[in-house]
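The structure appears right after this line, and notes come after that.
Labels below follow one simple rule: chain letters A, B, ... track the order of the sequence lines, proteins then strands, and each chain is numbered from 1. Source: prediction; values computed, not measured.
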Amino acid sequence: RAGRQSLSTRTSQGQRFRNKCFLALRGSSGPPSSGLTARERILLLLDPDSFDEYDMFVEHRCSDFGMDSSKNKYPGDSVVTGRGRINGRLAYVFSQCRIILFTCNILLKFLSGAHAQKICKVMDQAALVGAPVIGLNDSGGARIQEGVESLAGYADIFLRNVLCSGVVPQISLIMGPCAGGAVYSPALTDFTFMVKDTSYLFITGPDVVKSVTNEDVTQEQLGGAKTHTAVSGVAHRAFENDIDALLNLREFFNYLPLSNRDPAPVRECHDPSDRLVPELDTVVPTESTKAYDMLDIIHSIADEREFFEIMPAYARNIVVGFARMNGRTVGIVGNQPKVASGCLDINSSVKGARFVRFCDAFNIPLITFVDVPGFLPGTAQEYGGIIRHGAKLLFAFAEATVPKITVITRKAYGGAYDVMSSKHLRGDANYAWPTAEVAVMGAKGAVQIIFRGKEADREAEYVEKFANPFPAAMRGFVDDIIQPSTTRLRICHDLEVLAGKTQSSPWKKHANIPL
Amino acid sequence: MAAALRWGAAGGRRGLRALQRCEALCSRWCLVTSHRFYSSVYDPNEKTFEKLLIANRGEIACRVIKTCKKMGIKTVAIHSDVDSNAVHVKMADEAVCVGPAPTSKSYLNMDAIMEVIKKTRAQAVHPGYGFLSENKEFAKRLASEGVTFIGPDTHAIQAMGDKIESKLLAKNAKVNTIPGFDGVVKDADEAVRIAREIGYPVMIKASAGGGGKGMRIAWDDEETREGFRFSSQEAASSFGDDRLLIEKFIDNPRHIEIQVLADKHGNALWLNERECSIQRRNQKVVEEAPSTFLDPETRRAMGEQAVALAKAVKYSSAGTVEFLVDSSKNFYFLEMNTRLQVEHPVTECITGLDLVQEMIRVAKGYPLRHKQADIPINGWAVECRVYAEDPYKSFGLPSIGKLSQYQEPLHVPSVRVDSGIQQGSDISIYYDPMISKLITYGSNRAEALKRMEEALDNYVIRGVAHNISLLREVIVHPRFVQGDISTKFLPEVYPDGFKGHKLTDLERRELLATAASLYVAEQLRSQQFLGTPRIPIAKSKKSSWELSVRLGDGIYPVAVSKDGTSFSVEVDGMKLNVTSEWNLASPLLSVTIDGTQRTIQRLSRNASGDTSIQFLGTVYKLQILTKVAAELSKYMPEKAAEDTSSILRSPMPGAVVAVSVKPGDTVSEGQEICVIEAMKMQNSMIAAKTGKVKAVHCKAGDTVGEGDLLVELE
């Protein structure tokens with residue numbers, strides 16, 4: 001490096017520089033609890049030779065408990081930060097690591113003030129330039145030796161997470177046990193991914209849980225990848241190991257625009273935009289009670305059958321994720337008839353709403369596939385607040401100003417019809433397949449209410465009148481009834497036109513989504 | 001139909017265009033059959049049926065409809081409720097549902113079918129094969145309603161349907177039957193006398209025995225005496241019945257059948273033979289016409305005997321006489337099938353006759369237009385039965401699923417595909433898992449086989465397991481290519497079961513080079529963003545990649561460098577040049593490796609580097625990582641594998657017939673736990689270890705998918 005050469009003329013300084021570099025590299029290459037070191041992780045995440053490191057010489061400033069001993073100071077402290085390229089596109093990265101403290105021979109993986117300062121610097125840079133921030137998290141929480149300075153460090157990071165939210169995409173990849181303050185930064189970012197079996201997220205570990213609530217629980221049960229991807233919904237996806245996670249993160253990164261100032265990226269596409277999809281003509285079963293897999297539809301419509309699903313194991317009655325249409329990134333939301341008939345409940349509404357808001361914030365067009373029998377009834381849902389949680393999804397779709405294309409494949413019943421990106425919520429192109437049923441409810445229930453159970457045989461009349469797409473089409477609530485096999489072609493053409501869409505909402509400080 | 005009209009109207013110009021394209025797609029069915037393979041001409045002045053019902057489903061229903069369309073006959077399809085979107089339903093002019101999915105309630109439901117016939121006023125019924133095609137009761141009921149059955153008369157169906165009666169009839173018609181003796185043999189001398197009469201080799205077994213017990217094969221007098229002693233002792237002691245069966249032993253038999261065609265005026269023709277020796281579990285897999293084995297004399301002798309038998313039972317319509325042929329070209333009558341056979345297309349290819357058309361003409365009462373001398377053998381035709389099944393499990397266990405992608409290799413010259421499915425169709429547990437019949441034709445056998453190879457490579461089937469790998473291995477196997485085949489071909493060639501193609505060193509290098517090149521093409525593509533981004537994309541000037549490819553148990557370092565539009569790949573110290581268009585969306589990829597053209601299919605890839613590629617018919621799983629990632633992967637923690645001995649999963653999709661255990665039972669290793677039926681086969685599931693049953697997750701009557709948990713042991 002050029003810098004290194006100019007320094008080496010001053011021998012003592014050069015020697016010192018080399019020593020520091022050596023210590024920094026050794027420190028941040030310390031033994032990981034499992035998997036890879038912080039630098040190896042960055043090496044795999046970024047394009048070869050693209051990493052420019054910042055703050056390699058920052059050291060912690062703590063002087064209590066023997067921490068000021070030169071042996072307990074590492075240049076760079078317990079995090080590697082910098083910028084680099086993923087498939088040629090800019091990204092800011094920080095990768096947390098463990099350092100061995102010589103005096104007490106313990107792993108130093110906790111966040112210090114210096115550590116936080118380094119992270120804040122890359123986040124500030126990212127926001128200035130307009131490029132995503134990727135955190136490779138592996139931190140046990142606040143560094144107790146530092147006291148409030150460490151806490152302040154966390155707050156500094158949280159503030160930047162919030163300020164960057166909606167400005168640049170923020171991604172957290174949890175690669176080791178993260179506890180205490182360390183879990184909130186990932187929670188504030190747009191996406192949290194985990195590594196199976198080796199990463200954990202919890203406010204407090206099993207020992208504290210035991211002493212406080214007397215619960216016996218393992219790390220894995222309390223905050224493992226399975227818990228957070230399937231039960232709590234904290235994490236968006238989990239991967240097999242460090243390498244698998246980093247390679248998938250590279251792939252995921254390609255779907256994202258660099259910032260809210262950039263349009264959704266368009267990658268070179270070999271899949272013809274006018275490709276007909278004949279299997280869609282038969283994908284919806286003839287019996288309206290029979291399930292089918294919405295993923296079949298998504299895969300067959302998307303470019304090269306590629307779909308990066310978000311939260312595949314959580315609230316499976318709604319499917320969300322990224323795909324490309326004629327090369328352009330789109331966000332896909334679909335009801336999943338295979339799980340709980342595709343109804344909307346608390347978890348699926350929240351899952352859908354957060355995804356829709358991400359897409360809207362980052363100019364990613366939304367494509368919605370509707371087959372929804374309604375909101376899930378019952379005390380569990382009502383007590384849990386399905387009204388305010390369902391309102392989140394409604395809010396998110398209504399608020400979104402990105403291109404919105406909706407395809408009703410089968411049921412669009414009741415309030416759920418309105419919620420699922422309907423024409424009334426500023427939908428740009430709303431289509432119905434011939435199998436669509438746009439109605440207030442299913443025929444059986446409707447007939448019972450209309451005729452109070454006296455004339456049950458009038459079900460056929462109701463079906464004829466409402467269990468089809470025509471009433472909606474006659475009123476212009478769907479723009480067209482399309483042959484399913486032409487769906488890809490129609491969406492691709494619409495997206496081309498809608499790329500020029502601009503839409504704004506009345507001035508406001510910010511909206512007040514029912515949290 | 002209303003909806004279809006509406007698409008046109010509502011969709012405007014684009015909708016209309018799409019509709020037209022869809023029609024073009026549908027009409028490929030007709031394209032295949034028309035003219036290319038038939039010389040049979042249709043005479044529009046010949047009066048025929050106005051409306052015909054096809055009492056079948058799948059490819060054979062489609063096949064019959066095609067000929068009906070050509071002849072201007074309106075068609076009625078029947079279907080079960082799950083088949084309401086099937087291709088044969090769409091192709092027919094009318095379609096009526098005859099019941100729920102199980103065949104006994106739909107395609108075998110005579111009452112419902114008779115009802116449909118009455119309602120639609122169909123004048124004739126083509127039964128296809130299977131289902132009601134050889135059901136004399138059905139033929140009788142049709143006759144009583146005055147509806148024509150496209151097939152032979154009831155008495156011919158009955159006579160040939162009975163094994164003993166058909167053998168007697170054949171004997172009387174001077175057709176070679178397997179010589180034998182069944183009765184009490186006094187002593188060894190008499191046994192030798194009988195054996196000599198029959199001609200060696202002979203098989204001696206206890207008449208009352210079964211399952212191959214006490215069976216002896218004798219090649220000379222000495223062995224006959226020994227066999228007599230052995231078998232009569234066994235017969236007396238085990239069964240208390242000393243009758244012996246001495247029968248000609250057919251060594252290494254071939255299964256060769258003669259297609260016959262007869263009319264109601266006493267004319268009968270033989271349309272040459274079909275070689276159907278490649279079988280698994282008595283089901284044919286690869287058929288061809290003509291046979292490499294028959295000389296003109298044997299062919300004529302077999303043909304004449306077949307015709308004699310047909311005349312003896314006053315046969316009309318198309319039928320098939322099956323023979324076993326031994327290594328010295330002696331042939332013996334096996335049975336006669338009184339229907340159109342699955343493998344009839346190969347006969348159509350070499351003779352130019354449209355058998356369905358001839359069947360319909362004969363049924364209408366017209367005499368045959370051809371004389372025996374008019375029946376040619378033009379070229380060579382090979383048929384492969386493409387099944388939705390996993391050939392790695394006893395040469396084929398059924399697989400079910402949705403055909404997520406499906407593309408027939410019709411762009412390969414001289415290929416005929418008879419199928420009744422399309423992209424998006426479901427292969428269900430209710431019916432035969434055949435996907436299609438793939439037929440190639442050439443002026444000679446080598447040409448037909450070469451085309452078959454190409455056609456198999458270009459066949460895109462995704463969503464279900466299929467037997468393309470087995471078919472492709474069979475047709476290139478040296479023994480098959482030389483014509484050295486018998487009904488035991490598969491178990492002889494693959495004694496330990498089929499394991500897929502075995503790569504030679506060169507082929508392995510080709511596969512590695514192709515996979516690595518594909519990986520690099522994908523990497524390069526992922527940097528290709530269109531438009532002008534705000535922050536310029538730093539395209540790497542990298543032109544060489546060091547990769548590590550895992551294939552099977554081996555890990556191979558592969559170096560790829562980009563050389564203009566092609567890749568130069570170094571594997572095992574050898575340099576290969578790989579060129580292709582690198583269309584990453586196409587299911588088929590034509591790659592040229594050092595001048596050799598290969599059609600490969602990339603079935604899947606993911607970000608983790610896992611790729612599966614169909615190469616030479618077989619699917620190979622590879623993992624491609626950069627050298628750096630591969631070196632770091634040694635630090636990844638090992639994952640604990642699931643202990644599979646205490647759980648029982650369904651090896652295939654099917655229906656649970658019986659469950660023999662309940663929670664709390666103690667089972668011993670090898671004990672039957674439950675029985676799964678899939679496509680005509682019952683499979684006994686056994687315990688892998690001794691233990692107590694923890695939980696039972698299925699009950700009789702359940703439908704289970706592949707990999708579904710059935711029973712857990714403690």
Structural part of [X] lying under 4.5 Å from a heavy atom of chain B:
X	answer
R85(A)	side chain
E306(A)	side chain
S300(A)	neither
R305(A)	side chain
D296(A)	side chain
P48(A)	side chain

Which one of [options] has the most heavy-atom pairs closer than 4.5 Å to chain B?
options	result
D244(A), L43(A), D271(A), I243(A)	I243(A)
G88(A), G327(A), P257(A)	G88(A)
K196(A), R250(A), R261(A)	R261(A)
L249(A), L280(A), V129(A)	V129(A)
L44(A), D262(A), V277(A), L90(A)	D262(A)

Check this for me, if you would: do [X] and [Y] make a salt bridge, where the nitrogen-to-carboxylate-oxygen distance has to be below 4.0 angstrom?
X	Y	result
E268(A)	R525(B)	no
R605(B)	D610(B)	no
R275(A)	D303(A)	no
D138(A)	R41(A)	yes

task: Locate the shortest heavy-atom distance separating F470(A) from N468(A); write the atom from each residue and the value.
output: N-OD1, 2.9 Å
- prompt: Are R462(B) and Y406(B) in a cation-pi contact, defined as NZ or CZ under 6.0 Å from the six-membered ring centre and within 45° of the axis?
  reply: no
- request: Report yes or no: is the cationic atom of R83(A) (NZ for Lys, CZ for Arg) under 6.0 Å from the centre of the six-membered ring of F51(A), at an angle within 45° of the ring normal?
  value: no
Interface moiety of [X] toward chain A, non-hydrogen atoms closer than 4.5 Å:
X	answer
P587(B)	neither
L625(B)	side chain
S633(B)	both

task: Taking atom types as modelled, find out whether S543(B) and S561(B) have a side-chain donor-acceptor pair closer than 3.5 angstrom.
output: no
task: For the pair F308(A) and F239(A), name the ring-plane relationship: parallel under 30°, tilted 30 to 60°, perpendicular over 60°.
output: tilted
